[in-house]
Amino acid sequence: WTHEVRIPEKVFVRTPHLQAAFARTALVSDPEVENLFRWCDLHGFDFITFDTPRGDDFQTLQRECVDYISWKLLSSQ
């Protein structure tokens with residue numbers, strides 16, 4: 001497993017190796033993020049939104065990634 005933790009300003013990662021895309025809920029209405037999530041849905045990739053009420057983007061994203069990987073590993077058993 002590898003993953004890109006953060007893509008500043010622009011989102012342009014569309015690869016068959018992609019498992020999931022993560023974005024702060026506040027960014028979901030951004031046209032590029034919206035297009036990425038639509039693309040993920042069309043191609044069967046997961047897309048996860050998360051809130052950062054305390055402004056701790058990195059810690060929240062890290063926790064969401066770990067939770068996602070744990071869920072994927074447990075659901076594949």
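Side chains are part of it too, since the values below use all heavy atoms of this structure and drop only hydrogens, waters and symmetry mates. Residue indices begin at 1 and follow the sequence shown. Nothing here was measured: the structure is a model prediction, and the numbers come from that model.
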Take Phe50 and Arg24 through the side-chain contact (heavy atoms from CB on, under 4.5 Å) test and state the conclusion after the steps. CA-CA 5 Å; Phe50 59 93; Arg24 287 185 299 135; 3.5 Å; yes

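In this structure, CD in Glu64 is found 11.5 Å from CD1 in Ile69, a value given to the nearest 0.5 Å. Here NZ of Lys72 is found 12.0 Å from CG of Leu74. Values are rounded to the nearest 0.5 Å.
For Val33 against Leu27, the heavy-atom pair with the smallest separation is CB-O, 3.4 Å. Considering every non-hydrogen atom in both Asp51 and Thr60, the closest pair reads O-CG2, 3.3 Å. Contact between Phe37 and Ile48 at its shortest, heavy atoms only, is CZ-O, 3.8 Å.
Partners of Asp46 by side chain to side chain donor-acceptor pair (under 3.5 Å), not counting sequence neighbours, listed by chain and number: Tyr68.
Asn35 places a side-chain N or O within 3.5 Å of a backbone atom of Pro31 that can act as its donor or acceptor partner.
In the hydrophobic clustering of this structure, Leu73 groups with Phe22; members are Ile, Leu, Val, Met, Phe, Trp, Tyr whose side-chain heavy atoms approach within less than 4.5 Å, directly or through other members.
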